[in-house]
Amino acid sequence: MENCLFCKITKKELPAETIYEDKNILVFKDIHPKAPVHFLVVPKKHIESINYLEPIDKELMGELLLVAKKIAQDKKLKGYKLVINTGREGGQLIDHLHIHLLGGKPIQMP
């Protein structure tokens, strides 16, 4: 998408503190962290939200979860929380599917 913030970050048109990158996924630090560790796990393919997933995206979703697990292990997190917000009422602020990886302290449900 032309004006998508996360698309611009994945294309290196905007800066981000990258934690991990492969051909399908970029992980970077959230600029407004809600925990000591707060990363965003983002597919490079633009998908607006969970509501826009197609059957073809099944493998990509599995990759996102496995990358989140790898990052949590690499950072030696004792526990962590993965959050996917969907739609404005669900707390989604950027219209590009992403997983919040939060850790570094006990994380409670809101």
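Contact between L64 and P43 at its shortest, heavy atoms only, is CD2-N, 3.8 Å. Residues I107 and K81 approach most closely at CG2-CD, 3.1 Å, considering heavy atoms.
Annotation: the span from L53 atom CG to L60 atom CG amounts to 8.5 Å, rounded to 0.5 Å. A distance of 10.0 Å separates OG in S49 from CD1 in I84, rounded to the nearest 0.5 Å. Here the straight-line distance linking atom CD1 of I19 with atom CG of D74 works out to 10.5 Å at 0.5 Å rounding. Going from atom CD1 of I47 over to atom SG of C4 covers 11.0 Å, rounded to the nearest 0.5 Å. Within the model, atoms CZ of F39 and CG of L82 stand 12.5 Å from one another, a figure rounded to the nearest 0.5 Å. Separating the NE2 atom in H98 from the OG1 atom in T10 is a distance of 13.5 Å, to the nearest 0.5 Å.
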- request: Please test L5 against E13 for side-chain contact (heavy atoms from CB on, under 4.5 Å), starting from the C-alpha separation and ending with a verdict.
  value: CA-CA 9 Å; L5 177 67; E13 295 171 3; over 6 Å; no
- prompt: Do I71 and L101 pass the side-chain contact (heavy atoms from CB on, under 4.5 Å) test, and can you show the C-alpha distance, the side-chain angles, and the key distance before you say yes or no?
  reply: CA-CA 9 Å; I71 299 301; L101 168 57; 3.7 Å; yes
task: Decide salt bridge (charged side-chain N to carboxylate O under 4.0 Å, His left out) for K12 and E21; before the verdict, give the C-alpha distance in whole Å, the side-chain angles of both, and the deciding distance to 0.1 Å.
output: CA-CA 12 Å; K12 310 290 192 225; E21 183 172 13; 2.9 Å; yes
message: Between H96 and V42, does the side-chain contact (heavy atoms from CB on, under 4.5 Å) criterion hold? Intermediate values first, please.
response: CA-CA 8 Å; H96 187 119; V42 179; 3.5 Å; yes
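K75 meets the side-chain hydrogen bond (donor to acceptor under 3.5 Å, both in side chains) test with no other residue; sequence neighbours excluded.
When hydrophobic clusters are built by joining Ile, Leu, Val, Met, Phe, Trp and Tyr residues whose side-chain heavy atoms come closer than 4.5 Å, directly or via intermediates, L14 is grouped together with I94. Side-chain heavy atoms closer than 4.5 Å link hydrophobic residues (I, L, V, M, F, W, Y) into clusters, and following such links, possibly through other members, connects I99 to Y20.
Within the 4.5 Å cutoff, no side-chain heavy atoms of I9 are placed close to those of L40. Counting only heavy atoms from C-beta outward, the side chains of N85 and L93 never approach each other to under 4.5 Å.
Shown here is K69, whose NZ atom has no more than 12 heavy atoms of other residues, nucleotides or ligands within 6.0 Å.
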Side-chain donor-acceptor distances from residues 24-38 under 3.5 Å, at least two apart:
from, atom 1, to, atom 2, distance (Å)
N24, ND2, E63, OE1, 3.0
K29, NZ, E17, OE2, 3.2
D30, OD1, H32, N, 2.7
D30, OD2, H38, NE2, 3.2
K34, NZ, H32, O, 3.4
H38, ND1, K34, N, 2.9
H38, NE2, H100, ND1, 2.7

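Counting only distance, with no hydrogens or angles, the side chain of K44 and the backbone of D22 share a donor-acceptor pair below 3.5 Å.
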